[in-house]
Amino acid sequence: MKWLEQINGAVNQLVWGPFMLVLLVGVGVFYSIKLRFFQLTGFRVWWKKTALSFLGTKKQNDPRQTISPFQAMATALAGSIGTGNIVGVANAIALGGAGAVFWMWVAAFFGMATVFAENILGVKYRVKRQGRFVGGPMYYIEHGLQCKWLAVLFALFCTLAAFGMGNMTQANSVAGALENSFGVNRHLTGILLAVLVGVMICGGIGRISRLTEKLVPFMAVVYTAAVVIVLTVKAPAVPEALGRIFREAFAWQSAAGGVIGYRMSQAIKYGISRGVFSNEAGLGSSPIVHSAAGTDDPYEQGMWGFFQVFVDTIVLCTLMALCILTTGADSTGLDGIALSTFSFEAVLGHLGGGFLSVSIVLFAFATLVSWSYYGEKSVEYLTNGRFLGVYRLLYAGMVYVGCVSSLSLVWELSDTFNGLMALPNLAALILLSGQVNRKELRHSSCGSS
């Protein structure tokens, strides 16, 4: 296994090096300029078409044919609201300081434009299989760029990432959380979780979307309520925490014997990388499910991409970051889940640690079922619809393996596959940028800014 670790380490440094971070943000900057910063100028429009749309009459979709735009967003959000919102934020602060949070915001702001473009292309180039819409980067790469081999590469990397980052690492987080907080045996967790996931994914996107449209709002509300309690108790420390975020984002102190700008470079590196890990903007995963939505307007579905990244990073990641900074957890030397747990227990005691463990379980379960769909659509593309039953059985089985295994190498491999997914997707976003423009946005049913 040593040789595999060495090869993966070299590839990982390449795909997640400065070039990739600049490319991920750069594509978002490009689309933000192209759309005249619609994240800001069109806030009233896309907020009305997403969050406020529930105040009006909702269109009912035939569950045998499509899922609703909201269900598509909820499933995509479930895929991105995983351990990244809890563990990822903690890692970003531990490695990059409070300033990393600012760069997570930057990644999210421009990532909103990236996901918007991904969703538009996904809907424009989707096809119908057995009465249902299917789409994603593999389809807009093949039919838009006319580049089949690159589409195959994306689907292959997405399948591998689904088994790694979407499956085994999430299952391991569930088993670890239940074992540490409640003493539940990992083998028991693995069996029960594998059965639950298997039941969910055998129902297809209809069953998955019906779960996520209920689970995601519930998770967001309950988790936010707990965080608000912590921040209410620590309210006097919130202004200083926000001040640290901005000060340390541009901190030019040198490391011991190092070069000036080390602190800032670390904040940028870990803020952007953990931000992308959380909201998945540019990876090409979320347009796979957004393409299944029952809408004829790709720009309307693009709006849900804005909302997805906004909730994931601007809201949920920020709340977790403020909990860590206001409770002083970042000065403890802890990292990962231990850092996040300390911030909750500092105010809520052992109840806070238990609550965070339950949150991880729910977040990770939602990610498990959502990523199963991403992998399934990739396998469907690669095999022309064959072996889907085998894939589902294997996916459920790997949940058990993830629960009972030590996954340091799997985490590293999954991170690499995520980066490899992004490369063909970002190439397509650049080359197909002419398909996404402000003029169509103004004249679409979404209205104008």
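Looking at E142, its side chain never comes within 3.5 Å of a backbone N or O of A151 through a donor-acceptor pair. No side-chain donor-acceptor contact under 3.5 Å links T189 to the backbone of A175. Judged purely by atom type and a 3.5 angstrom limit, N167 has no side-chain atom pairing as donor or acceptor with the backbone of A162. Distance alone, capped at 3.5 Å, is enough to place a donor-acceptor pair between the E248 side chain and the A98 backbone. Looking at T41, its side chain does come within 3.5 Å of a backbone N or O of R36 through a donor-acceptor pair.
Each of I314, V230, V89, T224 was compared with L319 under the side chain to side chain contact (heavy atoms under 4.5 Å, CB included) criterion, and only T224 meets it. Among V369, L193, V399, L368, the one residue that satisfies the side chain to side chain contact (heavy atoms under 4.5 Å, CB included) test with Q170 is L368. When the options Y391, F417, F157, Y374 are evaluated for a ring pair (Phe, Tyr, Trp, His ring centres under 6.0 Å) with F163, the one that passes is Y391.
In this structure, the separation between CZ on F110 and CZ on F30 is 13.5 Å, given to the nearest 0.5 Å. In this structure, OH in Y125 is found 5.0 Å from CG in L432, a value given to the nearest 0.5 Å. Atom OH in Y395 sits 14.5 Å away from atom CG in L388 (nearest 0.5 Å). Atom OG in S285 sits 5.0 Å away from atom CE in M421 (nearest 0.5 Å). Note that OH of Y31 is 16.0 Å distant from CZ of F38, once rounded to the nearest 0.5 Å. The distance from atom OG1 of T114 to atom CG of L426, rounded to the nearest 0.5 Å, is 7.5 Å.
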>> Quick one, M320 with S343, criterion side-chain contact (heavy atoms from CB on, under 4.5 Å). Give me CA distance, side-chain angles, the key distance, then yes/no.
In response: CA-CA 9 Å; M320 185 72 251; S343 67; 3.5 Å; yes

> Step by step, would you call K49 with E300 a salt bridge (charged side-chain N to carboxylate O under 4.0 Å, His left out)?
Replying inline: CA-CA 8 Å; K49 290 294 179 178; E300 180 179 356; over 6 Å; no

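Using a 4.0 Å cut-off between charged nitrogen and carboxylate oxygen, R244 and D330 count as a salt-bridge pair. Salt-bridge check for R129 with E380: passed, with a basic side-chain N closer than 4.0 Å to an acidic carboxylate O.
Counting only N and O atoms by type, the side chains of T318 and W105 include a donor and acceptor under 3.5 Å apart. In the model, H290 has a side-chain atom that pairs as donor or acceptor with a side-chain atom of Q308 under 3.5 Å.
The shortest side-chain heavy-atom distance between L160 and L420 does not fall under the 4.5 Å cut-off. Residues K128 and V134 fail the side-chain proximity criterion, which asks for heavy atoms closer than 4.5 Å.
Taking the ring centroids of Y381 and F154, they lie at or beyond the 6.0 Å cut-off. Ring to ring, F306 and W47 are not that close: their centroids are 6.0 angstrom or more apart.
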